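Have a look at the structure below before the remarks.
Small disclaimer: the values here were computed from a predicted structure and weren't measured.
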Amino acid sequence: MGALPGDTIVCDAVLDQVVLPGAGNIIKMEGLHRARVAPCRTLGTLSASEVAGVIREVRTYALAWRKKGQKGPLHVYNKVSCADCARPVSMQKMGGALRNSIKRTTFWCPACCSGGGGGGGGQSSLSGAAGSAPQQAHHAQHAQHAPHAPQPGSGASLYAGPATATCSLHGRRCLALSRSRKRGPDDDARTPNFDRVFFSCRPGGARGAASSKCIFFQWADGPFPRCACKVHAPAPADPRRARPPPRDFPAVLKISKKEGTGGRWFFCCGGGDGPGRQGRGGGRFGGGGGRHGGVGERSRGGGDARPSCAFFAWAQDEQLAHLGNLLHPLL
């Protein structure tokens with residue numbers, strides 16, 4: 001790492017294949033967490049012992065993964081709370097300043113990787129001091145609003161309760177939370193259910209055999225707010241039957257990956273490319289009006305390209321409580 005500029009952030013240095021060949025994004029996050037070095041720190045702020053610790057922990061995690069053929073325990077990756085201290089995990093897209101590097105979604109625990117000998121006390125190229133007052137205030141606010149916040153060291157999730165959905169055959173033990181990715185016939189995002197979240201039952205796990213499949217299905221966005229966009233059902237084949245009235249649809253649940261708000265859940269317009277929406281084909285119902293668009297109405301097949309609404313709201317605990325511990329950042 002000594003050959004890299006001192007203002008290089010650690011997350012870029014670890015992914016440099018000349019420095020640490022074979023290190024990927026998960027290895028980067030878990031290795032840095034075990035070394036207690038925040039990914040946003042710059043190389044110039046690391047002591048010799050911290051550099052050695054980063055190299056050692058990254059290599060140890062990578063070699064264990066290679067030996068076992070599967071990744072090791074995850075302490076921060078795709079976690080809401082840290083597996084070590086149970087405090088909130090931060091998430092942000094960072095990096096991309098080094099040669100052939102790109103911004104990657106990065107998870108880290110500010111409580112474990114800040115101050116003292118644990119790293120995080122140096123200057124960050126993203127937000128000044130990694131332990132700056134605004135960042136600390138954000139994490140404190142996040143922890144304050146977390147439902148049933150666990151005690152430090154318990155290892156429990158901030159959303160530790162069970163999901164409210166129940167499969168009549170397998171109960172709640174095999175429930176999974178997923179996002180609908182079904183697109184229209186022309187491979188766009190104009191199907192009304194695109195990006196909605198739902199419960200399913202996987203008695204055989206994510207890769208279970210076909211014989212272990214369960215048909216349980218339930219939409220999980222009932223408590224979510226509705227945006228102002230409407231969707232029209234297709235006209236009935238029988239002209240004597242009245243066309244059903246337009247329906248509203250739940251807002252889309254997303255998670256922020258931006259500096260200062262990374263890791264916070266929010267709702268955005270499901271009808272187009274409003275704040276946080278970047279679906280292909282212009283969002284769930286076709287071309288949208290973006291942040292400044294007006295209220296729109298979409299036909300099921302896309303049809304006319306009227307602007308969508310720009311609905312946005314931060315998610316409240318009571319709107320997510322029914323998802324329980326099935327909620328994870330990379331949903």
Original post:
Can you check side-chain contact (heavy atoms from CB on, under 4.5 Å) on Trp219 and Asn193, steps first, answer last?
Top reply: CA-CA 10 Å; Trp219 290 115; Asn193 293 329; 3.6 Å; yes

Tell me the closest heavy-atom pair linking [X] and [Y], and the distance in Å.
{"X": "Arg34", "Y": "Pro73", "value": "NH2-O, 2.7 Å"}
{"X": "Arg226", "Y": "Gly222", "value": "NH1-O, 3.2 Å"}
{"X": "Cys109", "Y": "Cys85", "value": "SG-SG, 3.5 Å"}
{"X": "Asp195", "Y": "Arg179", "value": "O-NH1, 2.9 Å"}
{"X": "Leu74", "Y": "Lys79", "value": "O-CE, 3.2 Å"}
{"X": "Ala165", "Y": "Phe216", "value": "CB-CZ, 4.2 Å"}

Short side-chain donor-acceptor distance under 3.5 Å, [Y] and [X]:
{"X": "Ser178", "Y": "Arg202", "answer": "yes"}
{"X": "Arg264", "Y": "Ser256", "answer": "no"}
{"X": "Thr106", "Y": "Lys28", "answer": "yes"}

So, does [X] use its side chain to make a donor-acceptor pair with the main chain of [Y] at under 3.5 Å?
{"X": "Glu30", "Y": "Ile27", "value": "no"}
{"X": "Gln70", "Y": "Trp65", "value": "no"}
{"X": "His170", "Y": "Cys201", "value": "no"}
{"X": "Asp221", "Y": "Arg196", "value": "no"}
{"X": "Asp12", "Y": "Gly95", "value": "no"}
{"X": "Thr8", "Y": "Leu4", "value": "no"}

In Å and rounded to the nearest 0.5 Å, what is the [atom1] to [atom2] distance from [X] to [Y]?
{"X": "Lys257", "Y": "Gln92", "atom1": "NZ", "atom2": "CD", "result": "11.5 Å"}
{"X": "Leu330", "Y": "Thr105", "atom1": "CG", "atom2": "OG1", "result": "6.5 Å"}
{"X": "Asn78", "Y": "Leu331", "atom1": "CG", "atom2": "CG", "result": "9.0 Å"}
{"X": "Ile102", "Y": "Met94", "atom1": "CD1", "atom2": "CE", "result": "14.0 Å"}
{"X": "Cys112", "Y": "Leu32", "atom1": "SG", "atom2": "CG", "result": "13.0 Å"}
{"X": "Arg104", "Y": "Ile26", "atom1": "CZ", "atom2": "CD1", "result": "9.0 Å"}

Subject >> Verdict with supporting geometry, Cys167 and Cys214, side-chain contact (heavy atoms from CB on, under 4.5 Å) >> reply: CA-CA 9 Å; Cys167 172; Cys214 179; 3.6 Å; yes

Subject >> ring pair (Phe, Tyr, Trp, His ring centres under 6.0 Å) between Phe311 and Phe267, worked out >> reply: CA-CA 8 Å; Phe311 178 83; Phe267 297 107; 7.4 Å; no

**OP:** Give a yes or no on this: more than 12 heavy atoms of other residues, nucleotides or ligands lie within 6.0 Å of atom CZ of Arg59.
**Re:** no

Measuring only between side-chain heavy atoms, which start at C-beta, is [X] closer than 4.5 Å to [Y]?
{"X": "Leu327", "Y": "Val197", "answer": "no"}
{"X": "Leu320", "Y": "Trp265", "answer": "yes"}
{"X": "Val19", "Y": "Val14", "answer": "no"}
{"X": "Pro223", "Y": "Glu318", "answer": "no"}
{"X": "Phe199", "Y": "Leu177", "answer": "yes"}
{"X": "Cys11", "Y": "Cys40", "answer": "no"}

Original post:
Would Glu50 and Arg41 count as a salt bridge (Lys or Arg N to Asp or Glu O under 4.0 Å) if you check the C-alpha gap in whole Å, the side-chain angles of each, and the deciding distance to 0.1 Å?
Top reply: CA-CA 11 Å; Glu50 287 176 323; Arg41 289 184 64 185; 3.1 Å; yes

**OP:** Kindly state whether the ring of Phe217 and the ring of Phe198 have centres lying under 6.0 angstrom apart.
**Re:** yes

Original post:
Is the ring centre of Phe266 less than 6.0 Å from the ring centre of Phe312?
Top reply: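 They qualify: ring centres under 6.0 Å apart.
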
**OP:** Look at the aromatic rings of His75 and His33 and report parallel, tilted or perpendicular, splitting at 30° and 60°.
**Re:**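 It falls in the perpendicular class, over 60°.
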
Original post:
Going only through I, L, V, M, F, W and Y residues with side-chain contacts under 4.5 Å, is there a path from Ile55 to Leu15?
Top reply: no

